[in-house]
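Structure first, commentary second.
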Amino acid sequence: MKIDRSFAEEVLAKALKSGAEQAEVFIRSSKNLSAEVKNQSVDSLKSSLSFGYSVRLIKDGRLGFSYSTDRSDSDGVVSRAAEAAAYSDADPYLDLPEAAPAAEVEIFDRAIEEISEEDAIARVMLIEKAACEEDRRIRKVRKASGSFTVSATSIANSKSVNAHFRSTSCSAQITAIAEEDDESQMGWDFDGSRFLGDVAFGEVGRTAAMRAVRLLGSKKIEGRRADIVLDNSVTADFLGIFASSLSSEAVQKGKSLLAGKIGKKVISDRMNMIDSGLLPRRLGSSPVDGEGVPVTGKTAVREGILQSYLYNTYTAKKEGAQSTGNAARGGFSSLPGVGVTNLFIEAVSKDDVVPSDALFAAVDKGLYVVDAMGVHTANPISGEFSIGVTGIWIEKGELKHPVKEAVISGNILDFFGKVRALGDDLRFYGNIGGPRLLISDVDISG
């Protein structure tokens with residue numbers, strides 16, 4: 001898949017000729033192959049090609065934006081963007097970034113670019129096969145699926161930004177259902193990378209099956225305050241809520257629980273929170289962000305203290321700051337917002353990291369939370385949450401029996417503030433990663 005640099009330059013020239021003081025052209029083309037398997041037969045196979053571009057311009061201090069999937073419509077795209085600017089309010093913070101050197105990052109895998117339909121189907125079949133063979137109580141599976149994508153991105157603006165890169169990605173996921181007597185339980189797993197060889201298709205199936213089977217025989221528990229261990233996937237769920245509060249856009253709109261907390265302790269001093277778009281092979285990595293600003297690695301929270309919010313060009317100018325390379329775009333049809341690249345938790349000290357299974361040994365009575373429902377319902381401003389969870393009861397350091405219909409509640413900052421230890425098993429779900437966490441004194445209701 002090639003990048004047509006001359007087309008970007010041609011459209012940019014038209015935008016500037018229309019009278020814009022500044023202009024940007026964003027182009028994205030991609031090829032996707034996705035497969036879904038049921039009972040070792042192909043249930044769905046889709047192959048698609050997409051192409052689109054957008055023009056963002058600033059004219060008389062006003063923002064104009066338009067996009068199209070038709071190359072021949074570039075005159076119309078520029079005209080519509082200029083017309084939109086005429087009806088927009090003037091904004092002194094509108095700006096486009098200047099060119100700066102970007103680091104190389106490992107995000108393209110030829111094996112994904114060249115994968116055949118037969119190979120893709122075989123890998124997805126392996127997910128389902130591994131799940132069904134893991135345990136006889138796995139009676140059904142849902143959505144054994146895989147996706148394989150190749151993309152090309154081009155960003156050019158009137159301040160000499162001229163960024164072009166290719167990337168790949170693939171993913172595997174499945175939901176397995178275990179049944180015994182009159183009970184059924186579900187288990188899910190996901191794996192994704194920019195490199196085909198990093199995704200363990202069979203392991204995804206086995207893990208989903210194991211997660212379903214271990215919940216059979218679930219019991220209710222009485223409410224109490226106790227220690228909990230969060231599974232990696234649940235850590236990632238909670239970190240996703242925290243991620244939204246790191247956005248300078250959310251802070252400026254009064255929708256962040258971290259507003260006004262720069263330089264203050266917000267979570268446990270045992271933890272750092274890192275945002276890095278330079279991690280090789282990770283799904284959130286790229287040389288530049290959605291505006292062409294070089295991505296960086298940054299410690300948003302160091303030893304529990306909030307160091308910085310995440311910025312794009314607009315939000316940075318609004319505060320007299322610098323973009324952190326966190327302009328995020330959903331695609332060519334959207335304006336850049338603010339988002340994380342690869343956000344993950346790391347321990348401040350090696351003394352705070354223990355073998356993952358050893359976290360249980362530190363719990364006299366408590367709950368290993370393996371699934372949480374509705375973490376997204378947490379209040380993004382106050383941080384308050386009350387969510388349903390399933391898990392496994394722990395007594396004297398041993399996993400005893402599965403637990404159903406429990407609820408944990410609290411405040412996200414307090415929650416992360418009570419972390420006692422971190423597992424050695426950092427795992428990413430998409431572009432957010434975390435280890436298992438041991439958290440003290442959590443309100444659990446049955």
Side-chain angles (χ1 to χ4, degrees), residues 1 3 8 11 23-34 46 48-57 63-70 73 77 80-81 84 88 94 96-97 105 107 147-157 161 163-171 173 190 192 194 236 239-241 243-253 255-256 275 277 282-295 309-316 323-343 376 380 428-432:
M1 182 171 294
I3 299 172
V11 179
E24 169 203 79
V25 178
F26 180 94
I27 304 173
R28 172 72 55 78
S29 58
S30 63
K31 176 183 178 182
N32 175 260
L33 175 63
S34 61
K46 298 178 181 178
S48 62
L49 290 170
S50 66
F51 167 83
Y53 62 101
S54 62
V55 170
R56 180 167 57 132
L57 55 79
L63 177 66
F65 180 76
S66 185
Y67 62 90
S68 177
T69 59
D70 184 355
D73 189 32
V77 172
R80 290 191 295 272
S88 299
L94 291 172
L96 295 178
V105 58
I107 57 172
S147 180
F148 311 84
T149 303
V150 184
S151 296
T153 302
S154 180
I155 308 168
N157 77 17
V161 166
H164 312 274
F165 62 92
R166 296 202 299 165
S167 60
T168 53
S169 64
C170 64
S171 64
Q173 66 176 322
F190 167 91
R194 292 202 178 276
L239 185 54
I241 298 298
S244 64
S245 288
L246 287 170
S247 162
S248 56
E249 187 173 29
V251 172
Q252 292 168 6
K253 291 179 178 179
K255 296 181 178 181
S256 168
D275 180 74
R282 292 295 180 192
L283 291 174
S285 297
S286 61
V288 297
D289 69 4
E291 297 181 297
V293 175
V295 299
Y309 303 123
L310 306 178
Y311 294 92
N312 64 13
T313 300
Y314 178 85
T315 60
S323 171
T324 55
N326 286 91
R329 295 178 101 128
F332 65 87
S333 62
S334 64
L335 287 163
V338 179
V340 300
T341 54
N342 298 294
L343 182 69
H376 66 280
F428 277 83
Y429 289 84
N431 64 335
I432 295 181

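Only this structure's heavy atoms are used, side chains among them; waters, hydrogens and symmetry mates stay out. Everything quoted here is computed from the prediction, not taken from an experiment.
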[X] and [Y]: which non-hydrogen atoms are nearest, and at how many Å?
| X | Y | value |
| --- | --- | --- |
| Pro336 | Asn312 | O-ND2, 3.6 Å |
| Phe190 | Tyr429 | O-CE2, 4.2 Å |
| Gly430 | Leu283 | CA-CD1, 3.9 Å |
| Pro97 | Asn157 | O-ND2, 2.9 Å |
| Val161 | Gly292 | CG1-CA, 4.0 Å |
| Ser244 | Ile241 | OG-O, 2.6 Å |

Inter-residue atom distance [X].[atom1] - [Y].[atom2], 0.5 Å rounding:
| X | Y | atom1 | atom2 | answer |
| --- | --- | --- | --- | --- |
| Leu310 | Ser245 | CG | OG | 11.0 Å |
| Ile155 | His164 | CD1 | NE2 | 9.5 Å |
| Arg28 | Thr69 | CZ | OG1 | 15.0 Å |

Any side-chain heavy atom of [X] within less than 4.5 Å of one from [Y]?
| X | Y | result |
| --- | --- | --- |
| Ser66 | Val77 | yes |
| Asp289 | Ser323 | yes |
| Ile27 | Phe51 | yes |

| query | Counting heavy atoms not belonging to Tyr67, are there more than 12 under 6.0 Å from its OH? | reply | no
| message | Checking Asp275 now: which residues fulfil side chain to side chain donor-acceptor pair (under 3.5 Å) with it, not counting sequence neighbours? | response | Lys298, Asn326, Thr341
Listed by chain and number, what are the salt bridge (charged side-chain N to carboxylate O under 4.0 Å, His left out) partners of [X], not counting sequence neighbours?
| X | answer |
| --- | --- |
| Arg194 | none |
| Asp73 | Arg80 |
| Lys253 | Glu249 |
| Glu24 | Arg56, Arg329 |

| query | Do the side-chain N and O atoms of Ser50 and Ser30 include a donor-acceptor pair separated by under 3.5 angstrom? | reply | yes
| message | Closer than 3.5 angstrom, by distance alone: can the side chain of Ser167 be matched with the main-chain N or O of Ile107 as a donor-acceptor pair? | response | no
| request: Tell me, please, which residues at least two apart from Asn342 pass side chain to side chain contact (heavy atoms under 4.5 Å, CB included). | output: Leu279, Arg282, Ser285, Phe428, Asn431
| query | Parallel, tilted or perpendicular: which fits the ring planes of Tyr309 and Tyr311, with parallel below 30° and perpendicular above 60°? | reply | perpendicular
